[in-house]
2 protein chains.
Amino acid sequence: MAVIRRRVASRGLAAGEKLPSIRALARQMQVSPSTVVEAYDRLVAEGLVRARPGSGFYVAGFAPAALHAEPAPPRDRAIDPFWVSRQSLDAAPGTLRPGCGWLPPDWMPAPVIRRALRTLARAEPGVLADYGATRGSPALRALIARRSVADGIEIGAEQVLLTSSGTQAVDLVCRLLLEPGDTVLVDDPCYFNFLATLRTHRMQLVSVPYSPTGPDLDAFAEALARHRPRLYLTNTALHNPTGATLAPAVAHRLLSLAAAHHLTIVEDEIFADFEPDPTPRLAALDGLARVIRIGSFSKTLSASIRCGYVVARPDIVERLIDLQVATQFGGPGPMAAEIVATTLADGCYRRHLAELRTRLARQRQDVAARLGTLGIVPWTVPRGGFYLWCRLPGQRDAADVARAALREGVVLAPGNVFSLAQSATGLMRFNVAQMNDAAFRVLRNALDG
Amino acid sequence: MAVIRRRVASRGLAAGEKLPSIRALARQMQVSPSTVVEAYDRLVAEGLVRARPGSGFYVAGFAPAALHAEPAPPRDRAIDPFWVSRQSLDAAPGTLRPGCGWLPPDWMPAPVIRRALRTLARAEPGVLADYGATRGSPALRALIARRSVADGIEIGAEQVLLTSSGTQAVDLVCRLLLEPGDTVLVDDPCYFNFLATLRTHRMQLVSVPYSPTGPDLDAFAEALARHRPRLYLTNTALHNPTGATLAPAVAHRLLSLAAAHHLTIVEDEIFADFEPDPTPRLAALDGLARVIRIGSFSKTLSASIRCGYVVARPDIVERLIDLQVATQFGGPGPMAAEIVATTLADGCYRRHLAELRTRLARQRQDVAARLGTLGIVPWTVPRGGFYLWCRLPGQRDAADVARAALREGVVLAPGNVFSLAQSATGLMRFNVAQMNDAAFRVLRNALDG
């Protein structure tokens with residue numbers, strides 16, 4: 001490869017010129033012909049060489065461009081709902097990310113995924129090559145249906161639609177049910193990407209303050225009467241960013257209000273598996289009449305697999321299938337679904353969750369104590385998960401603190417990215433699993449600065 | 001597992017009741033405690049049993065619903081652009097699918113994918129668990145950029161955005177560039193799912209007749225002048241469904257017209273790797289000024305991996321990233337990208353393509369000859385790929401023939417699903433790799449019927 005590269009670089013071989021034959025070069029270099037074939041193949045993959053079937057190998061028409069350095073995420077961007085996600089996802093290696101929404105890789109069950117991949121390597125050719133059914137893998141949908149039944153939602157596997165992610169599930173449902181200009185209700189604070197998704201749909205957004213037991217019901221009732229929203233998008237189980245849990249009485253009243261106002265509720269329970277014991281689901285109370293359930297395995301198993309799901313009424317699922325074919329030609333492929341199904345089916349996922357919950361409970365306590373020494377106080381004490389939604393000391397603006405921390409290579413999640421009403425200036429969401437000594441040091445400096 | 005299942009079924013164990021302790025059941029059954037743990041874990045995964053951390057195992061609140069049979073795709077549905085995709089994707093096992101848009105699994109390189117999966121099983125934890133960068137895997141984007149450079153499109157890896165599929169790439173670009181009510185130009189015939197995607201966007205659609213060398217240029221110029229479309233969505237390399245190739249002179253004239261009318265072109269070259277030798281790309285002629293390039297590995301490597309890409313100007317890529325975060329929280333995960341990158345990097349993909357092209361050339365010839373005996377005549381002779389776009393004999397309506405064939409378990413692709421103007425009543429697209437004796441028998445009967 002080096003020989004050919006040098007000749008091209010020195011123009012000894014010009015663009016379009018034929019490379020030495022495999023046999024000739026093998027003789028000249030005193031290597032086997034198969035070594036030359038391998039080298040030529042790799043040069044083809046690199047784009048330097050082009051293979052012409054039946055004719056031989058040629059120098060490609062253009063020299064490959066020098067690979068530019070990856071552009072870093074723009075740092076001067078306004079602190080909007082994309083700020084945290086773009087900074088976290090595209091962070092340079094070594095960046096600390098207490099602002100991000102996922103666990104570090106060493107908290108995730110790598111051995112379980114490795115085993116599932118080795119099993120997958122022996123799967124039938126159809127699993128490896130085909131698109132699969134429009135709803136997604138029947139085996140995984142059956143497992144999700146059984147989990148739903150255990151939560152009190154009586155469904156069959158045909159009421160589960162697999163999607164590429166929880167976010168894509170939310171997007172798909174919004175696309176089906178909403179018209180541009182419709183009003184959508186969200187919590188204040190809410191998961192920041194809900195705001196990004198809904199703005200893509202050109203929705204009118206209205207927010208209702210979230211309390212430690214769920215949305216403020218008076219404000220919720222008033223918003224329904226005044227703005228006539230079509231949809232309410234919320235996290236249940238463990239609310240993002242607060243970590244709060246919906247109280248049963250609030251859930252019941254919420255559903256009564258929704259019924260009276262013909263409101264559809266999208267219940268994203270992506271953090272459900274972090275709950276120490278399951279709380280009532282809106283979908284279970286409502287029987288899926290006006291609730292659509294959304295989930296994913298990105299937080300507890302792997303975000304790299306890319307697999308979410310929608311559980312809904314059969315008529316809604318049927319229409320979502322068409323929409324997913326039109327916009328993605330189906331959901332996750334059979335391979336991704338197989339990795340998840342293998343993991344769920346044999347109990348190792350449950351054991352991983354049990355360990356994770358224990359480890360996170362300890363970590364939440366430790367981090368809350370250390371934040372306390374900086375005067376940072378949790379807004380509520382979550383029952384599970386990896387978030388602490390906290391008030392900063394001394395009227396500090398969380399956006400200023402986040403900007404200062406980013407200069408030191410630490411991505412934080414300032415409160416207002418979660419707040420439509422911009423009511424969370426002094427609040428910040430911390431991912432306890434991403435906090436370490438260095439992050440605390442930078443945080444202390446940023447607070448002092 | 002059987003013991004517990006029986007006790008629950010017979011109500012010997014009621015909903016909510018605690019299961020025997022692991023030690024007690026192990027003693028009673030004379031098995032090891034780890035065997036009982038394994039059985040309980042599997043029952044948890046099935047949803048029959050619920051684990052309460054620190055307390056034990058309990059019968060779940062609801063018995064799992066009997067798994068309903070999967071609903072078959074509705075057969076009475078109108079023959080619209082979804083007809084072929086839904087029937088093909090959800091076909092019962094054993095259904096023949098000469099109407100579908102992919103190769104049978106035994107034409108795809110299963111050993112290559114198996115090897116890539118075994119390699120992936122040894123990857124770093126971050127690859128297995130993380131979301132990865134917003135543009136997608138740098139390694140795969142570098143390979144795609146090099147392939148683009150070899151095609152004469154001078155870009156760096158930062159101008160490549162990975163997507164879940166070619167379709168999702170089209171959808172994402174439409175979402176970014178179009179407003180509801182905008183006019184979009186398509187070919188007549190065109191890939192049927194383009195029509196489905198664009199209708200999702202509530203676009204005004206205008207079609208231009210496709211000739212064996214590309215769109216009819218007079219009709220194209222007239223459509224630009226009359227309808228002022230914002231975007232032209234087309235397949236180059238090998239056009240779907242016709243298998244035709246854009247002639248260089250047509251490509252040049254097309255770009256001149258596009259420039260004069262401020263038209264953006266989306267060039268989907270998903271079948272490019274089937275070409276015996278590469279033809280000029282609109283993106284290469286235009287230098288990506290007004291062309292956006294889209295591709296995927298679903299047709300040549302695996303549709304199960306779910307990985308497509310967009311190649312575009314840096315400013316467009318930057319805006320597409322936000323949109324993909326908002327609607328999917330990123331593209332394909334690092335695992336999917338790693339499978340593709342492993343395959344592309346070591347030359348086995350190129351060898352697979354060479355074999356595939358040879359095998360398909362023979363198959364196209366054989367199938368064309370056998371179709372000829374039924375009076376079915378190709379509209380053009382494609383240079384590559386697996387489609388033959390053919391005229392049926394004796395004024396037969398392809399939709400009638402397709403309906404008759406479906407009753408015999410064969411999915412065909414009648415012409416009008418590809419035609420906005422419904423100009424292809426007597427035409428049909430055949431996937432030569434999916435044609436066998438049984439399919440020919442049913443086709444003959446359907447033509448006679």
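Just so we're on the same page: letters track the sequence lines, and every chain starts at 1. The model shown is predicted, which means the values in this text are computed figures rather than measured ones.
Side chain of Asn193(A) to backbone of Val325(B): a donor-acceptor contact under 3.5 angstrom is found. Using modelled atom types, one side-chain atom of Ser302(B) and one backbone atom of Leu128(A) make a donor-acceptor pair closer than 3.5 Å. Between the side chain of Ser304(B) and the backbone N or O of Met335(A), at least one donor-acceptor pair lies under 3.5 Å.
In this structure Tyr131(A) satisfies the ring pair (Phe, Tyr, Trp, His ring centres under 6.0 Å) test together with Phe329(A), Trp102(B), sequence neighbours excluded.
Neither the backbone nor the side chain of Arg199(B) comes within less than 4.5 Å of any heavy atom in chain A. With a 4.5 Å cut-off on non-hydrogen atoms, Val49(B) does not touch chain A at all. With a 4.5 Å cut-off on non-hydrogen atoms, Arg306(B) touches chain A through its side chain but not through its backbone. If you measure heavy-atom distances from Ile305(A) to chain B, the contacts under 4.5 Å come from both the backbone and the side chain. Looking at Thr200(A), the atoms closer than 4.5 Å to chain B (heavy atoms on both sides) all sit in the side chain, from C-beta outward. Interface remark: Val44(A) contributes side-chain atoms only to the contact with chain B (heavy atom separation under 4.5 Å). Proximity to chain B is limited to the backbone of Pro332(A), based on heavy atoms less than 4.5 angstrom apart. Only the side chain of Glu38(A) comes within less than 4.5 Å of a heavy atom of chain B; its backbone N, CA, C and O stay farther away. For chain B, the nearby part of Arg351(A) is the side chain; its heavy atoms alone come within less than 4.5 Å. Only the side chain of Ser165(A) comes within contact range of chain B, with heavy atoms under 4.5 Å apart. Using a 4.5 Å cut-off between heavy atoms, Arg350(A) touches chain B through its side chain atoms alone. In this structure, chain A has a heavy atom under 4.5 Å from the side chain of Glu179(B), while its backbone stays farther away.
For the pair Gln168(A) and Ser164(B), the minimum side-chain heavy-atom distance is 4.5 Å or more.
Interface check for chain B: of the options Leu195(A), Thr163(A), Ile321(A), Leu323(A), the most heavy-atom pairs under 4.5 Å are formed by Ile321(A). Among Ala336(A), Gly331(A), Ala337(A), the residue making the largest number of heavy-atom pairs under 4.5 Å with chain B is Gly331(A). Contact count against chain B (heavy-atom pairs under 4.5 Å) is highest for Asp322(A) among Asp322(A), Leu344(A), Asp171(A). No other option in Trp107(A), Phe194(A), Phe192(A), Phe57(A) has as many heavy-atom pairs under 4.5 Å with chain B as Phe57(A). Contact count against chain B (heavy-atom pairs under 4.5 Å) is highest for Arg175(A) among Arg147(A), Arg42(A), Met108(A), Arg175(A). Each of Cys348(B), Ala123(B), Cys100(B), Pro314(B) has some count of heavy-atom pairs under 4.5 Å with chain A, and the biggest count is that of Ala123(B). For the set Leu120(B), Val127(B), Thr197(B), Thr134(B), the entry with the most heavy-atom pairs within less than 4.5 Å of chain A is Thr134(B). Ranked by heavy-atom pairs under 4.5 Å with chain A, the list Leu143(B), Thr167(B), Asp106(B) is led by Thr167(B).
In this structure, Ala129(A) and Pro105(B) approach most closely via the heavy-atom pair CB-CA, 4.3 Å.
Atom OG of Ser88(A) is separated from atom CG of Asp130(B) by 11.0 Å, given to the nearest 0.5 angstrom. Here the CG atom belonging to Leu172(A) is positioned 9.5 Å from the CD atom belonging to Gln328(B), to the nearest 0.5 angstrom.
Of residues 111-118 of chain B, those residues lying under 4.5 Å from chain A by any heavy-atom pair are Ile113(B), Arg114(B), Leu117(B), Arg118(B).
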Can Thr327(B) and His201(A) be said to form a side-chain contact (heavy atoms from CB on, under 4.5 Å), step by step?
-> CA-CA 10 Å; Thr327(B) 57; His201(A) 288 274; 5.6 Å; no
